[in-house]
There are 2 protein chains.
Amino acid sequence: MSEAASGGESLLFLTDEQLRKGIEAMFFAYRGFTADPDRILDGMDYGRAHHRAIHFIHRSPGTTVNNLLSILGVTKQSLNRVLRTLIDDGLVESRVGRVDKRERHLFLTPKGADLERTLSDAQRARMRAAYRAAGPVAVQGFRQVLEAMMDPDQRRQYQTLKEGGA
Amino acid sequence: MSEAASGGESLLFLTDEQLRKGIEAMFFAYRGFTADPDRILDGMDYGRAHHRAIHFIHRSPGTTVNNLLSILGVTKQSLNRVLRTLIDDGLVESRVGRVDKRERHLFLTPKGADLERTLSDAQRARMRAAYRAAGPVAVQGFRQVLEAMMDPDQRRQYQTLKEGGA
DNA sequence: GAAGTTACGTCAGCCTTGTTGACTTTCCAA
DNA sequence: TTGGAAAGTCAACAAGGCTGACGTAACTTC
């Protein structure tokens, strides 16, 4: 490659060996990433799927079922099972749309917001520790690589969420 | 916090908002991370669990079942089901240990190595594109944050693997 | 106003991949 | 020789994905 010859900055970070380390880092890190919420949910009747639904409803209150579907990337049957229990248990409220009555807008109830806080506090605590240990420059790189790793569709959704919350 | 007051470099990267973005980035990126191998495996009778087993057997040829168990973090019954099909299909070979005949040492057959290559080529291609897009500095930060995010046990295993392959 | 489309919910059934628990066989080591 | 570790296996179950089919209400289009 020309860059390797032209400059001191080589392309050694693109070797298969380096890529493999990145792949394994993703594998192990994701386990850590989900470990704390999983532990909390383990006692309750909920799982990771409930966590995801709660997260994104909290994130975008009033979101429609269809919208949530496309963010989570699952089928409506799969989401419905999860949503059903959350609504029945009084963690999520489903309101019929005003302008389009076919739509259901989803909101967390106070009880749902409580669980959301418990879960995200735990997940953020780990994230915060990792960020603090690695420092702001590393964090920027972390985010850059993750964004580059997403599928275009996913990246668009991520960007939309990112802007909305900024 | 004193650092925020003391220096120009603030701790804004540790705000809940920034942490939430990191959490969502992990969520969407992991989907991309697994998408390509998943697509390949979809046609065959295998799934993500088979991919993981194949990856780590390739990574550490001759590893024992117990060792693989602790790396993958699943029960032996769960791993056994996956391993059973891979052995029956002639992708993995299980050799009785020489010094300790209770142990089984696992190896990929040529056929298994073929599939491993197909899968890891696809996964590395995406990784490489992401690395290239983000650049070496970002990649270093990426790896730092991921390592800091792991549980201590996972980090130890990751480090061991990392050194072994370096 | 009729016909088609969209949003949502639900029933039924299936698959993968994780779990526990119980039990056997094999084999090393004290 | 006996206890315990390693491995394998059977059975049962649960979470959380999936497809397919169907129903209903509401919106859109012709």
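First the proteins, then the strands, lettered A, B, ... as listed; each starts at 1.
- Across all strands shown, B:Gly97 has no heavy atoms under 4.0 Å from either base or sugar-phosphate atoms.
- Among the nucleotides D:dC18, D:dG17, C:dC8, the one closest to the side chain of A:Thr75 is D:dC18.
- B:Arg48 and B:Tyr30 get closest at one heavy-atom pair: NH1-CE2, 4.2 Å.
- Tracing side-chain contacts under 4.5 Å through hydrophobic residues (I, L, V, M, F, W, Y), one never reaches B:Leu72 starting from B:Phe107; they form parts of separate clusters.
- Rounded to an integer number of Å, the gap from OH of B:Tyr46 to P of C:dC15 is 17 Å.
- B:Arg81 comes within 4.0 angstrom of a base, heavy atoms only.
- Placement of A:Met44 and A:Val92 within a single hydrophobic cluster is found when ILVMFWY residues are connected by side-chain heavy-atom separations under 4.5 Å, directly or transitively.
- Mapping B:Leu69 and A:Arg98 onto DNA chain D by nearest heavy atom places B:Leu69 at the nucleotide closer to the 5' end.
- Within the 4.0 angstrom heavy-atom criterion, no nucleotide atom of any strand lies near A:His105.
- Taking 4.0 angstrom as the limit, B:Arg52 places a side-chain polar atom (N or O) nearer than this to OP1 or OP2 of C:dG18.
- Note on A:Lys76: a base of the nucleic acid sits closer than 4.0 angstrom, heavy atoms only.
- Among the atoms of the strands shown, none is found under 4.0 Å from any heavy atom of A:Val96.
- The aromatic rings of B:Phe142 and A:Phe142 lie parallel to each other, their planes meeting at an angle below 30°, with 60° marking the opposite boundary.
- Spacing between atom CG of A:Asp45 and atom P of D:dC13 amounts to 18 Å, rounded to whole angstrom units.
- For the pair A:Asn67 CG and C:dA7 C1', the interatomic distance rounds to 13 Å; values are reported in whole Å.
- D:dA6 atom C1' lies 13 Å from atom CG of B:Leu106, rounded to whole Å.
- Relative to the side chain of B:Asp100, the nucleotides D:dG8, C:dC28, C:dT19 differ in distance, and C:dC28 lies closest.
- Remark: P of C:dC27 and CD of B:Glu103 are 13 Å apart, rounded to the nearest angstrom.
- Taking for each of A:Lys101 and A:His50 the nucleotide of DNA chain D with the nearest heavy atom, the 5'-most of the two is the partner of A:His50.
- Between B:Arg31 atom CZ and D:dG17 atom P there is a gap of 10 Å when expressed in whole angstrom units.
- In the set D:dA21, D:dC10, C:dC28, the nucleotide with an atom closest to the side chain of B:Gln77 is D:dC10.
- In this structure, A:Asn66 reaches the C:dC8 phosphate: one of its side-chain N or O atoms is under 4.0 Å from OP1 or OP2.
- The side chain of A:Arg84 sits closest to C:dG9 out of C:dG9, C:dC28, C:dA7.
- The side chain of B:Arg104 approaches D:dG8 more closely than any other nucleotide in the set C:dG18, D:dG8, C:dC8.
- Across the protein-nucleic acid pair, B:Leu72 atom CG and C:dT19 atom P stand 11 Å apart, rounded to whole Å.
- The nucleotide whose nearest atom lies closest to any side-chain atom of A:Ala49 is, among D:dA6, C:dC8, D:dG17, D:dG17.
- At a cut-off of 3.5 angstrom, counting only N and O atoms as typed in the model, there is a donor on one side and an acceptor on the other between the side-chain of A:Arg102 and the base of C:dT6.
- Looking at A:Arg128 and A:Asp121, no side-chain N of the basic residue comes within less than 4.0 Å of a carboxylate O on the acidic one, giving no salt bridge.
- C:dG18 atom C1' lies 16 Å from atom CG of A:Leu41, rounded to whole Å.
- An OP1 or OP2 oxygen of D:dG16 is reached within less than 4.0 angstrom by no side-chain nitrogen or oxygen of A:Arg48.
- For the pair B:Asp16 and A:Arg124, the salt-bridge criterion is met [side-chain N within less than 4.0 Å of a carboxylate O].
- Considering only side-chain atoms of B:Ser94, the nucleotide from C:dT20, D:dG8, C:dT10 that sits closest is D:dG8.
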